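One structure is given here, and the rest of the page talks about it.
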Amino acid sequence: MKNLTLLLVTALLGACSAWHQPPQASIDGEVFYVQRIALPPSATLSVSLQDVSLADAPAQVLARQSGPVKGQVPLPFHLKYDPKQIQAGHRYSVSARIEQDGKLLFISTEHYSVQLDGQEQPPVRIRLSPAS
């Protein structure tokens, strides 16, 4: 009887923890640049999903992936975001940058729009330009 009770409590707790996890959606893609330059081992990549709806206000960051660069370009990324943050009529974009010890090496200079309407999104390819 104790084993049955323990089993039921464990199952109930597992269901509760799964119920409280926020739903997640994701955007996949890769970052690249055309210069024939190898990245230093200490370089870091940062990719952000932003709400860029307001022209006179800073973009609101909804998701960010940041960490050490593993290998050379193209560099894959996987951004997880909460779909509850997405608002109808808003515009969203993805941007990226590569830094080394706080110094900017490469940055995205174009607008990479993403449609966050619940449909499967094709992979996003972000081209980076060298920092001045």
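Everything numeric here is computed off the predicted structure, so don't read it as measured data. In this chain, residues are counted from 1 in sequence order.
- Both tests pass for Arg125 against the ring of Phe32: distance under 6.0 Å to the centre and angle within 45° of the axis.
- Taken to the nearest 0.5 Å, the CD atom of Glu110 stands 10.5 Å off from the CD1 atom of Ile126.
- To the nearest 0.5 Å, the span separating CD on Glu99 from CZ on Phe106 amounts to 12.5 Å.
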### Stepwise side-chain contact (heavy atoms from CB on, under 4.5 Å) check, Arg97 with Leu104
CA-CA 7 Å; Arg97 60 193 298 134; Leu104 183 63; 3.5 Å; yes

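- Looking only at distances, a side-chain donor or acceptor of Tyr33 sits under 3.5 Å from a matching main-chain atom of Ile37.
- Looking at Ser48 and Arg64, their side chains do bring a donor and an acceptor atom within 3.5 Å of each other.
- Open room surrounds CD on Gln115; 12 or fewer heavy atoms of other groups in view lie less than 6.0 Å from it.
- Using a distance-only test at 3.5 Å, with no hydrogens or angles considered, no donor-acceptor pair links the side chain of Gln60 to the main chain of Asp51.
- The distance from the OH atom of Tyr92 to the CD atom of Gln50 is 12.0 Å, given to the nearest 0.5 Å.
- Val94 and Val52 are not part of a single hydrophobic cluster, where members link through side-chain heavy atoms under 4.5 Å apart.
- Side-chain contact of Ser42 with Gln100: a donor-acceptor pair under 3.5 Å is present, judged by distance alone.
- One finds the CD atom of Gln65 at 11.5 Å from the CD1 atom of Ile27 (value rounded to the nearest 0.5 Å).
- For the atom pair Leu105 CG and Leu128 CG, the distance stands at 10.0 Å (nearest 0.5 Å).
- Side chain of Ser108 to main chain of Ala96: a donor-acceptor pair is present (N/O by atom type, distance under 3.5 Å, no hydrogens or angles).
- In this structure a side-chain-to-backbone donor-acceptor pair under 3.5 Å is missing from Ser93 to His111.
- Nearest heavy-atom pair, Tyr81 versus Ala63, reported as atom, atom and distance to 0.1 Å: CB-CB, 4.0 Å.
- For the atom pair CG of Leu62 and NZ of Lys84, the computed distance is 15.0 Å after rounding to the nearest 0.5 Å.
- Between Val69 and Leu45, the shortest heavy-atom contact is CG2-N, 3.8 Å.
- Using a 4.5 Å cut-off between side-chain heavy atoms of Ile, Leu, Val, Met, Phe, Trp and Tyr, with links allowed through other members, Leu39 and Ile107 fall into different hydrophobic clusters.
- Contact annotation: the side chain of Phe77 never approaches that of Asp28 to less than 4.5 Å [non-hydrogen atoms, C-beta and beyond].
- Taking hydrophobic clusters as Ile, Leu, Val, Met, Phe, Trp and Tyr residues chained together by side-chain heavy-atom distances below 4.5 Å, Tyr112 shares a cluster with Leu79.
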- I would like to know whether Leu49 and Val114 meet side-chain contact (heavy atoms from CB on, under 4.5 Å); could you show each step before the answer? CA-CA 9 Å; Leu49 169 63; Val114 288; 3.8 Å; yes

